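Predicted, not measured: the structure shown is a model, and the values here were computed from it. So you know, we letter chains A, B, ... as the sequences are listed, proteins then strands, and number each from 1.
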Number of protein chains: 2
Amino acid sequence: MTGKKKSAQASIEAMHRVFTVPEAPESTLSRIDQNISRNLAGFLQEHIVAVERDLSEVEKDFSDYAIPEKPIFVSEQAQFLLEKLVANSVHTASPSFIGHMTSALPYFMLPLSKIMIALNQNLVKTETSKAFTPMERQVLGMIHRLVYEQDGAFYRKWMHDPRHALGAMCSGGTVANLTALWVARNNAFPAEGSFRGIHQEGLFRALRYYGCEGAAILVSRRGHYSLRKAADVLGLGREFLVPVDTDDDNKIQTDALREKCIELHRQKIRVIAICGIAGTTETGNVDPLDAMADIAREFGAHFHVDAAWGGPTLFSRTHRHLMRGIEKADSVTFDAHKQLYVPMGAGLVVFRDPSLASAVEHHAQYIIRKGSRDLGSTTLEGSRPGMSMLIQSGLKILAREGYEILIDQGIDKARTFAEMIDNEQDFELVTQPELNILTYRFCPKNVQDALARATADQSEKINTCLNRITKFIQKTQRERGKAFVSRTRLEPARHDHFPCIVFRVVLANPLTTREILADILAEQRELATEPEIQDEISILHQMAASPQ
Amino acid sequence: MTGKKKSAQASIEAMHRVFTVPEAPESTLSRIDQNISRNLAGFLQEHIVAVERDLSEVEKDFSDYAIPEKPIFVSEQAQFLLEKLVANSVHTASPSFIGHMTSALPYFMLPLSKIMIALNQNLVKTETSKAFTPMERQVLGMIHRLVYEQDGAFYRKWMHDPRHALGAMCSGGTVANLTALWVARNNAFPAEGSFRGIHQEGLFRALRYYGCEGAAILVSRRGHYSLRKAADVLGLGREFLVPVDTDDDNKIQTDALREKCIELHRQKIRVIAICGIAGTTETGNVDPLDAMADIAREFGAHFHVDAAWGGPTLFSRTHRHLMRGIEKADSVTFDAHKQLYVPMGAGLVVFRDPSLASAVEHHAQYIIRKGSRDLGSTTLEGSRPGMSMLIQSGLKILAREGYEILIDQGIDKARTFAEMIDNEQDFELVTQPELNILTYRFCPKNVQDALARATADQSEKINTCLNRITKFIQKTQRERGKAFVSRTRLEPARHDHFPCIVFRVVLANPLTTREILADILAEQRELATEPEIQDEISILHQMAASPQ
């Protein structure tokens with residue numbers, strides 16, 4: 001062999017090896033692997049750098065835009081990932097990171113995920129998933145029953161029926177909401193007479209045939225942004241995601257909802273769906289689902305409930321009453337990577353009526369043929385991993401009782417934290433927790449008093465100042481890396497609906513303790529004394545002292 | 001404490017343990033974990049049962065529809081999964097399973113996936129992903145450069161620009177195609193004069209404002225079914241996914257494409273996108289992208305290329321010429337879980353023009369605020385896992401050279417297999433491999449000869465009979481579990497466009513050898529002698545003997 005041929009042969013053999021020879025037990029990657037198995041918390045603690053590096057600094061480690069010509073060793077890449085990626089990632093499992101909806105995971109999820117990835121099934125069809133298909137149908141059935149409580153005969157008939165699906169697994173709540181509204185839209189404009197249905201002829205001809213000027217989705221102002229995105233994708237237009245006012249508890253005003261429906265009807269705009277929220281993203285409130293279901297029925301609209309966050313509240317005997325009316329929904333979104341404690345990338349939607357999903361059914365010759373059990377015929381996505389295996393395992397290993405404990409503890413903890421905030425001089429609780437989410441902000445007692453007697457103009461100035469301080473505290477706390485709360489903007493009635501920046505706290509990590517919560521408040525109080533923000537603080541106190 | 005309180009306390013502690021105490025090294029789950037690390041191939045071989053159980057049998061193991069009340073042990077669930085799920089899953093990594101697009105994975109993907117899952121980042125925003133965001137932007141940049149070959153200045157300017165994205169990561173090719181066509185649709189009907197844009201006002205008012213009677217997407221008859229699904233979701237209607245005829249090589253006829261464009265224009269139907277295919281799902285052919293790009297420009301349509309399968313052909317110096325013209329595409333879909341050898345659930349789309357994705361940009365107060373680097377502002381999905389870490393690792397560890405070897409070997413192997421089929425008495429090669437996909441069917445030489453001189457009527461009868469036999473062989477081979485080829489239906493010109501059922505073979509697994517291919521053909525020949533199919537075989541030979 002010539003030198004060139006030899007080297008080509010060596011490359012081919014090297015390529016063969018990466019598919020056949022496992023990492024040696026003493027290799028960098030194997031050591032990381034074992035480390036994670038033995039002590040995940042320790043691994044994350046040790047490798048994630050707490051203090052935040054500026055993103056523009058981090059970007060320098062990811063500035064190559066050319067795919068490398070020559071292979072590098074696995075150990076080299078493993079070392080790179082540890083130092084540059086893992087070190088600068090977010091410690092989502094940390095009990096003091098209570099600003100987002102991602103929490104610590106049960107330990108068993110990790111080795112189970114490894115099995116899932118090793119099997120590398122594709123759920124689009126049974127030919128590439130076999131038992132994973134009935135398993136996924138079972139998961140959909142179980143969540144369906146959690147929501148709709150149908151009897152045994154119902155599930156024996158429908159759960160594994162090849163021509164029906166009780167729901168659709170998705171990569172997350174956004175696709176789940178989109179799927180539900182796609183179904184709603186298609187069912188609103190079915191085939192009739194000379195019209196072959198919106199799925200065939202499209203929205204333009206559908207509206208023309210049915211004599212409508214538009215098609216709208218109604219949701220409270222606290223609806224998740226994925227709904228507006230869905231209105232865009234589905235061709236309705238973002239303006240046709242019609243926001244309805246909420247009351248002081250961030251729940252939709254049902255009177256306003258009815259009025260909007262009537263008004264749209266008058267404008268010949270068809271209400272294709274009304275969305276209830278079971279756990280708003282920002283404040284964790286639950287809409288009056290029961291009353292909304294009645295209004296949806298009155299106007300012949302699909303009733304969808306976005307329970308991406310709050311769905312698992314159904315596990316709790318104490319709190320499930322909050323979800324009353326969810327069983328009247330035509331479709332319900334659940335996020336498994338939130339309060340089912342499954343790794344990122346798992347959501348689902350369930351349909352009350354097993355025939356509902358047929359509005360979006362599709363087939364092809366080489367895949368999901370008619371009459372097959374293939375789940376791909378009613379999912380928006382095509383190829384999908386076997387995430388439902390992790391959901392099924394959670395539902396069996398934690399069981400209803402386990403999830404109940406997690407839900408109850410989270411809500412209890414949120415109430416405790418709310419009391420702690422109420423008892424603090426420097427903070428104002430903005431929204432009481434209904435589930436395990438609350439918001440508050442920096443606002444010393446004297447400023448609160450001043451706001452109570454301030455004119456609209458003064459109030460606006462004080463709130464603007466408070467906004468800057470709250471934002472500073474949130475940002476700096478995140479950068480310091482010991483704790484993390486998120487922030488959002490609310491328009492509280494008590495502040496004349498002025499947009500107020502607030503801290504937002506999500507208490508879903510079972511490892512978050514009362515002490516951790518106290519430390520977070522203490523650090524925030526401390527941050528308000530930082531030199532950088534003292535000018536604002538002075539102005540604030542001046543305004544509070546002379547409110548006239 | 002009372003007994004009830006004690007048991008409640010015990011449950012709470014047990015729940016706490018699953019979040020804090022790793023599986024013991026000698027537990028069932030840890031043993032599986034170690035097994036997979038040490039010898040994945042052995043694990044799969046040992047645990048997946050080759051002979052197929054009927055799905056209705058498998059369903060019995062997944063018939064519970066109630067979420068269990070009481071927790072079970074992790075070991076019990078691990079045992080259940082091994083016996084009931086793993087045993088009855090599909091051996092997608094097997095070198096003799098050459099019927100689908102899922103192959104063996106490089107070994108390092110497994111421990112890397114574990115790191116990804118342990119970190120549990122959410123790519124929707126930097127607050128929950130930090131370094132993962134620049135890393136994902138780098139991956140999008142690298143694939144962008146692979147396709148579009150812009151210079152360094154371009155990537156230095158755009159790759160990490162907070163207000164732009166060079167593409168969007170997705171859960172798979174279906175969402176990638178949908179995202180591209182969503183962008184195309186929104187850019188086709190922008191804000192103008194009194195019209196606030198289709199994203200705001202929707203398709204109905206857009207068509208009315210622009211004086212159109214519809215909006216269409218054109219693709220060859222071999223286009224992936226996800227495009228029809230996208231036409232439905234986007235509100236265009238499935239009928240507005242207009243199929244264009246292909247030539248004998250399953251490539252779009254560019255004359256027919258131009259004519260269709262003219263015809264639609266005459267009907268006031270706006271062509272919003274023309275889709276080229278780089279690797280058709282069924283036959284692996286590549287459309288004449290260069291010529292299609294010109295036609296798209298002529299009609300002012302967005303040019304999208306679905307390179308979910310064939311994209312990585314760009315790594316091969318020998319074969320990349322097949323993709324000529326892809327660099328003229330406005331958007332290109334890539335599937336990472338196909339020929340980038342990443343686990344299931346990773347696709348992406350890249351946009352030539354960095355400002356293109358702004359047509360679908362969205363923001364919210366609590367997330368992806370304006371000016372942030374958050375990737376969630378232009379993705380269809382919301383919460384997403386850090387799959388791009390696996391893509392980046394593949395691109396660095398295998399590098400261009402490694403992927404080139406995989407691509408070249410796959411195409412070589414497909415050519416070898418085509419020759420083997422051609423030399424067989426009992427089989428007919430239906431489509432020559434252009435990439436690493438080919439189709440063939442059971443059709444003995446004498447029947448081939450008979451078909452060559454048969455009348456249309458005779459030919460139809462013979463082909464119908466061949467269809468039944470080919471289908472029987474494919475199904476039975478799958479059930480026996482030693483090997484798997486898939487099947488589809490093609491309308492070959494040489495058979496007067498009669499729908500013929502064919503075996504479909506995808507040669508992407510580097511571990512598939514010539515011997516394995518010979519064995520597959522031998523088993524198929526053997527299956528044609530099974531008693532169950534002998535009536536069909538006799539009829540076939542009778543028809544072939546008396547073609548008059």
Exercise for review: Mind checking ring pair (Phe, Tyr, Trp, His ring centres under 6.0 Å) for B/F73 and listing every partner two or more places apart, or none if nothing turns up?
Suggested key: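 Partners of B/F73 under the ring pair (Phe, Tyr, Trp, His ring centres under 6.0 Å) test: none.
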Review point. What part of B/M135 gets closer than 4.5 Å to chain A, counting heavy atoms only: side chain, backbone, both or neither?
Key: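 Both backbone and side chain.
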Practice item. Answer yes or no: is there a side-chain heavy-atom contact under 4.5 Å between A/F108 and B/Q77? Key: no
**Study point:** Contact class of A/V74 relative to chain B, heavy atoms under 4.5 angstrom
**Key:** both
Exercise for review: Measure the spacing between CD of A/E69 and CZ of B/R400 and express it to the nearest 0.5 Å.
Suggested key: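 So the gap between those two atoms works out to 3.5 Å.
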Revision key, fill the gap. In this structure, OG of B/S63 is separated from CZ of A/R137 (nearest 0.5 Å) by 14.0 Å
Revision key, fill the gap. Value for CD1 (B/I397) from CD1 (A/I72), rounded to nearest 0.5 Å, stands at 6.0 Å
**Study point:** Ring geometry between A/F204 and B/F204 (parallel below 30°, tilted from 30 to 60°, perpendicular above 60°)
**Key:** tilted
Point to revise | For B/E52, all residues meeting side chain to side chain contact (heavy atoms under 4.5 Å, CB included), sequence neighbours excluded | key: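 Checked B/E52 against side chain to side chain contact (heavy atoms under 4.5 Å, CB included); matches are A/K130, B/R478, B/E479.
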Check your understanding: Judged by modelled atom types alone, do B/S383 and A/K338 share a side-chain donor-acceptor pair under 3.5 Å?
Key ->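 No, A/K338 and B/S383 have no side-chain donor paired with an acceptor closer than 3.5 Å.
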Revision key, fill the gap. So OG1 of A/T133 and CG of B/N88: to nearest 0.5 Å the spacing works out to 12.0 Å
**Study point:** Largest heavy-atom contact set with chain A, pairs under 4.5 Å, which of B/I115, B/V58, B/L123
**Key:** B/I115
